[in-house]
Enquirer: 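Got a structure for you, questions after.
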Amino acid sequence: MDVSRETDILICGAGAAGLTLAVDLARRGVSFRLIDRLDGPFAGSRGKGIQPRTQEIFEDLGVIDRLAAEGGPYPPQRAYRDDGAHDDTQGIATSPPTVDEPYRAPLLVPQSRTEAVLRDRLAEWGHRPDYACRLTAFVDDGEGVRAHVTGAGGEQVVRCRYLIGADGGRSFVRHALEVGFPGKTLGMRAMVADIVLDGLEPTVWHRFHEGDMQRQISFCPLPHCDLFQLQAPIPFDGAADLSVDGIQAFIDARLPPGAIRVRAVRWASDYAMNARLADHYRVGRVFLVGDAAHIHPPTGGQGLNTSVQDAYNLGWKLGAVLAGAPAALLDTYEEERRPIAAGMLGLSTHLLERARQGEMRRGREVHQLDLGYRGSSLSLDRGGDPHRLMAGDRMPDAVLRGAGGQARRLFDLMAGPHWTLLLGAGAAPVAPRDGVRAWRVGLGGALPDGGDLSGLEAGGCVLVRPDGYVGARLAAGEMGGLAAYLAAVSVPF
């Protein structure tokens, strides 16, 4: 047994949450190790919806173009009636992008491809996941975590400063911490499978017997391949036969025999739907992210997105604390993300009830653009009159223009692991600080045309966190609070 390997962060689980956290830590220069008990990458389409807010995150991480190339828009839904007729509708709400919301429609990308894009991005930083590597025990001694890891080379002891449990709904880390996972079983079991078939055109999402939980079945074409994702409720009792013959018999029992012919099954799973939320996201030096902290029905495409945003919230805070910020900053991870997950569970469960009644339309409520942290202890708002943009809100994009008239997207200025300080016209000078990029907006500034830069008042400032949310909004007479705020999050002076 190896005596020890040292690293700042040990991430247990190389799914979407673990990979997102790893990419964010890599660009911050934080040392970490990413392990996964599976023999290799996940191969299915399971979490296939990338919501607009997550697309903004993936833009910041440098992968949105690759994801768009791997995916596509959601196809129209074709609902079949018992008489054989059908109606085509766009069940997923879409609208044209705007300046402040450049992504306003979900992107359909099979989960395996999303994770492959993140692995490729991670490789560009010189890192890769260690597969067939299992966490078997750990001890938090207050100064760090001693983790026992078993892989192809035998057992190792890894000494890390923080351990992250991104290891799914059956999380070993959560169980070892004895963190409660209350919630409920939702009385529904389902099958999901990626199959090659004959008999359906690949331009629409085919839905049969909507609202009839004994016969309901759907086939969603996946982009850039010959696969359809089959989804259907199944009985609680008995084992599901996920072979080609088993899935063929299952389809024939719900549709006219022979109407659809299954040629191959690339991946398949069956599961019982639950809604559960961990009592705590942090115990000492150990954190839970993603499905290890919350599980939910798949309705509304919220799970993978919430998991990615967990990791994005935690990543910058870990980086700050490792650079010298007070350890208490890490308490705000649970403070901010657990209420978001509680709301997501409520939304997903509500959408499941609507789906049981045959209602499949999804609107802005699933886009996650309106989520924020106004009540967080990290949100400081002394911006004068109440405004539609407040501390804790997602910072909208904007088009600013430099002295020569050249256009600059605000998201481009924000991209990267730094804080972004926007100073209004006439604001007092602010000394340069490592980790903060400052821009003077308005007359006399580097960006004299601020466009429709919401919330920025003359003489005041808006300070945007590394995760794209407004940390502080200060009016001209409150600028003295900026230095104290930055000191509390330990942006180095």
Side-chain angles (χ1 to χ4, degrees), residues 8 24-31 60-61 312-333 336 373 376-384 389-398 400 402-403 408-448 450 453-493:
D8 283 328
D24 196 27
L25 294 176
R27 67 176 182 164
R28 296 174 187 281
V30 174
S31 69
D60 180 44
L61 296 179
Y312 193 59
N313 182 286
L314 182 58
W316 74 265
K317 295 172 181 177
L318 285 169
V321 170
L322 289 169
L329 178 63
L330 295 174
D331 290 334
T332 66
Y333 166 62
E336 293 184 340
Y373 310 122
S376 169
S377 59
L378 293 183
S379 298
L380 175 64
D381 203 299
R382 297 177 184 169
L389 179 74
M390 304 288 288
D393 291 350
R394 160 197 167 273
M395 187 68 194
D397 200 2
L400 315 177
R408 300 289 301 274
R409 279 183 71 206
L410 177 57
F411 275 14
D412 290 339
L413 304 184
M414 291 164 47
H418 57 273
W419 294 72
T420 303
L421 177 62
L422 304 172
L423 295 164
V430 175
R433 291 174 171 84
D434 291 341
V436 179
R437 295 186 184 176
W439 299 88
R440 189 173 295 279
V441 179
L443 295 176
L447 298 165
L453 192 54
S454 180
L456 182 61
E457 300 177 3
C461 75
V462 170
L463 179 65
V464 186
R465 299 168 12 163
D467 58 356
Y469 291 88
V470 177
R473 190 177 73 100
L474 303 174
E478 300 287 348
M479 288 291 288
L482 179 62
Y485 182 93
L486 290 174
V489 295
S490 201
V491 175
F493 282 81

Enquirer: Rounded to the nearest 0.5 Å, how far apart are NZ of K317 and OH of Y333?
Expert: 9.0 Å
Enquirer: Just wondering, do L413 and L447 contact through their side chains at under 4.5 Å, heavy atoms?
Expert: yes
Enquirer: Return the minimal non-hydrogen interatomic distance between Y312 and D24, and the atom names on each side.
Expert: O-OD2, 4.1 Å
Enquirer: Taking side chain as C-beta onward, heavy atoms only, is M395 less than 4.5 Å from T420?
Expert: no
Enquirer: Spell out, as yes or no, whether a donor-acceptor pair under 3.5 Å connects the side chain of D381 to the backbone of M390.
Expert: no
Enquirer: Under a 4.5 Å cut-off applied to non-hydrogen side-chain atoms, are D8 and L25 in contact?
Expert: no
Enquirer: Carefully, step by step, assess V430 and L423 under the rule side chain to side chain contact (heavy atoms under 4.5 Å, CB included).
Expert: CA-CA 9 Å; V430 175; L423 295 164; 3.9 Å; yes
Enquirer: To the nearest 0.5 angstrom, please state how far the NE2 atom of H418 sits from the CG atom of D434.
Expert: 13.0 Å
Enquirer: With heavy-atom distances below 4.5 Å as the criterion, would you say the side chains of L378 and L329 are in contact?
Expert: yes
Enquirer: Would you say V441 and L456 make side-chain contact, with heavy atoms under 4.5 Å?
Expert: yes
Enquirer: Anything under 30° is parallel, anything over 60° is perpendicular, the rest tilted; go ahead and classify W419 against Y485.
Expert: perpendicular
Enquirer: Heavy-atom count check: over 12 atoms from other residues, nucleotides or ligands less than 6.0 Å from R409 CZ?
Expert: yes
Enquirer: As a test of understanding, state which of R394, M414, R473 forms a side chain to side chain contact (heavy atoms under 4.5 Å, CB included) with V464.
Expert: M414
Enquirer: Please give me the minimum heavy-atom distance between P417 and R28, naming the atom from each residue.
Expert: O-NH1, 3.1 Å
Enquirer: Do R465 and N313 touch side chain to side chain, with heavy atoms closer than 4.5 Å?
Expert: yes
Enquirer: Does D397 use its side chain to pair, donor to acceptor, with the backbone of F411 at less than 3.5 Å?
Expert: yes
Enquirer: Might you point out which heavy atoms bring Y469 and G392 nearest each other, and give the distance in Å?
Expert: CD2-O, 3.6 Å
Enquirer: What closest approach, in Å, do R382 and G481 show between heavy atoms, and which atom pair accounts for it?
Expert: NH1-CA, 4.4 Å
Enquirer: Under 4.0 Å between a side-chain nitrogen and a carboxylate oxygen: does that hold for R408 and D412?
Expert: no
Enquirer: Testing the basics here: between G424 and R440, what is the closest heavy-atom pair and its distance to 0.1 Å?
Expert: O-NH1, 3.9 Å
Enquirer: I need the minimum non-hydrogen distance between S377 and T332, along with the two atoms involved.
Expert: OG-CG2, 3.7 Å
Enquirer: Would you check if the side chain of R27 reaches a backbone N or O of L61 as a donor-acceptor pair within less than 3.5 Å?
Expert: no
